[in-house]
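Inspection log for the structure reproduced underneath, given as structure tokens.
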Amino acid sequence: MTTDPSTRTLHPGDPDYPRGLLRLADPPPALHLQGELPAGPALAIVGARAARLESLARARGLARELAAERVAIVSGGAIGVDAAAHEGALEAGGSTLVVLGSALDHPYPERNLELFARVARAGALLSEHPPGTPPRRAHFPRRNRLIAALAQAVVVVEAAERSGALHTAAWARRLGVPLLAQAEGAGARALLRRGWAGELAGVADLLEVLAGRAPR
């Protein structure tokens, strides 16, 4: 995928720069954007790459129902739960944001290129990396802080004991972003057991959280 002519760069002083990122101690000095950022609320759905089929279906269904309620879905564009969440939002005709761990002209993973093209038309691709930057291991933990900061709530659908989704969850807790989890995988169960996340029952819970109320 080459950089689209509609790609633009936002800086912290720009009116379109996402306000949520200013909660970070190190907001990106330049945010590269392809597509359009949503004006309404956003919720992050994250989870395992090698997720169970039931978890993939749950992520897709949650995203589809939330997108129908005009909630934008934020995730990292990875295979597994991330891709399922983006797909669900697109199925509902809603908006979804992919936060990349590489430059817009080096999207990763390459197997999701067609998905990224659809997202750019219905929402946006975001990156803090300048053109020409390939994906690197160290980029993805930093990418996760952006996912948490862009969202009004974070949902962990499935996570193993060592998972990038748990890193996003840690950022949500650090930033005071509401965190919910489904009890699938040792990592997600640990979030619930330690009281770091509320247990996800359904979309009604998420809408309550986005409205600033405790879930039922």
message: Which residues pass the salt bridge (charged side-chain N to carboxylate O under 4.0 Å, His left out) test with Arg52, not counting sequence neighbours?
response: Glu54, Glu184

Validation row: [X], [Y] side chains within 4.5 angstrom (heavy atoms):
{"X": "Gln34", "Y": "Leu126", "answer": "no"}
{"X": "Leu100", "Y": "Tyr108", "answer": "no"}
{"X": "Val154", "Y": "Ile147", "answer": "no"}
{"X": "Leu207", "Y": "Leu66", "answer": "yes"}
{"X": "Leu115", "Y": "Leu90", "answer": "yes"}

message: Rounded at 0.5 Å granularity, tell me how far CG in Asn144 sits from OG in Ser163.
response: 9.0 Å

message: Quick check on the 6.0 Å ring-centre criterion: do His129 and His32 meet it?
response: no

message: Under the criterion side-chain contact (heavy atoms from CB on, under 4.5 Å), I'd like the reasoning laid out for Arg142 against Asp26: C-alpha separation, chi angles, the key distance, then a yes or no.
response: CA-CA 10 Å; Arg142 291 185 56 78; Asp26 60 342; 3.3 Å; yes

message: Can you tell me if Glu161 has over 12 outside heavy atoms packed within less than 6.0 Å of its CD?
response: no

field: Over 12 foreign heavy atoms within 6.0 Å of CG, Leu22
entry: yes

query: Hey, is Glu36 close enough to Arg8 for a salt bridge, meaning N to O under 4.0 Å?
result: yes

